[in-house]
Amino acid sequence: MVTDKLILNGNQVAESIKEALVERIQQLSHKGIVPCLATVLVGENPASATYVRMKGNACKRLGMQSIRIDLPEATTTKELVAAIQQLNDDPGVHGILLQHPVPAHIDERAAFDAIRIEKDVDGVTTLGYAQNAFGFAKFPSCTPAAIMAILAYYNLPIKGKHAVVIGRSPILGKPVSAMLLNQDATVTTCHSRTTHLEDLVRLGDIVVAAVGKPNFVKGDWIKPGAVVLDAGYNEGNIGDVDFEACVENAYAITPVPAGVGPVTIATLLKHTVDAAELLSE
Ligand code: NAP
């Protein structure tokens, strides 16, 4: 293992985000408000259940509230939308997170878009996505926001850099591409139909991996001195980047675990506190 590298410590970044929330949560409590995140889980996907549990526990540790809505696999789009609308109307709920993916028979877009924009703390609605693309979203998607928070925490420059994003999902690859572009990077967004992917990645001063394939990004794809951010979270705590190989050429790199993941959760908590403050104005 190479040791003279900047290992971007997601736990440290997450702590700094959470520390800044403590006082704000206390201020809200003086007004009788406890920031509350509602998570909605449809079906029995064990990985999703784990993520939802982690988010609930993180809320508890900071003195926030979390409500968990578990719906059966057979839930229809109409029933899911109705459950979301109840949360929209509940003044005690400040953030709503519908855990992705939902079962295939559900119209996921309709379900996401049922979330009231003021409570869309993961930037999943069409409006939230558009606001992020324009650069004025209150709540950009949490994982893209976490990636930007890591770059900011370590003062890693973005302006004028060539960022190569691998992945174009609406919750990760596309919004992080927009955020990097809005901060004056030149952005190449790659996907499963991209040709000469490795050559494109080799041009990246900043490389974001959001592919969903373990150890997908190889060491010799990384330009010497590049900053590598691994959003991947595959079974067995394995990222989308072959860390041991990529750390050789990288200037800075996130590990998995303890990279983007904890910052994503901290960002979700921050957005929920932001939403509680805004809804209580
Ligand atoms: P996704 O919806 O499955 O999207 C994967 C993207 O990768 C797609 O755009 C796909 O291209 C692209 N892709 C697949 N194979 C490729 C290939 N061979 N070459 C180039 N591109 C390829 O996944 P996601 O939800 O964005 O998540 C991506 C990763 O991030 C997963 O590991 C997930 O677990 C992780 N994640 C982590 C967090 C966190 O908090 N750390 C949060 C969310 C997700 P097409 O569009 O052409 O299909």
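First listed ligand is number 1; within each ligand, the first listed atom is number 1.
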Can you pull out the closest protein heavy atom to atom 37 (C) of ligand 1? Residue, atom name and distance to 0.1 Å, please.
-> A231 O, 2.9 Å
Y51 touching ligand 1 at heavy-atom level, < 4.0 angstrom = no
For the pair K218 and E198, find out whether any cationic side-chain nitrogen is under 4.0 Å from an anionic carboxylate oxygen.
-> no
Would you say H100 has any N or O atom under 3.5 Å from an N or O of ligand 1, going by distance alone?
-> no
Of the non-hydrogen atoms in L80 and L71, which two are nearest, and what is the gap between them?
-> CD1-CD1, 3.7 Å
Can you tell me if T194 has a non-hydrogen atom under 4.0 Å from ligand 1?
-> no
Inspect the contact between K138 and D274 and indicate whether a charged nitrogen and a carboxylate oxygen are less than 4.0 angstrom apart.
-> no
Strictly under 4.0 Å, does any heavy atom of C190 approach an atom of ligand 1?
-> no
Output yes when the distance from some N or O of ligand 1 to some N or O of F216 is under 3.5 Å, and no in every other case.
-> no
Pair listing, salt bridge (charged side-chain N to carboxylate O under 4.0 Å, His left out) test, anchored in residues 95-116, at least two apart | R109-D113, R116-E118
How would you list, by chain and number, every residue that makes a salt bridge (Lys or Arg N to Asp or Glu O under 4.0 Å) with K55, sequence neighbours excluded?
-> none
Closest protein heavy atom (residue, atom, distance) for atom 10 (C) of ligand 1 | S192 N, 4.2 Å
So is G173 in contact with ligand 1, going by heavy-atom distances below 4.0 Å?
-> no
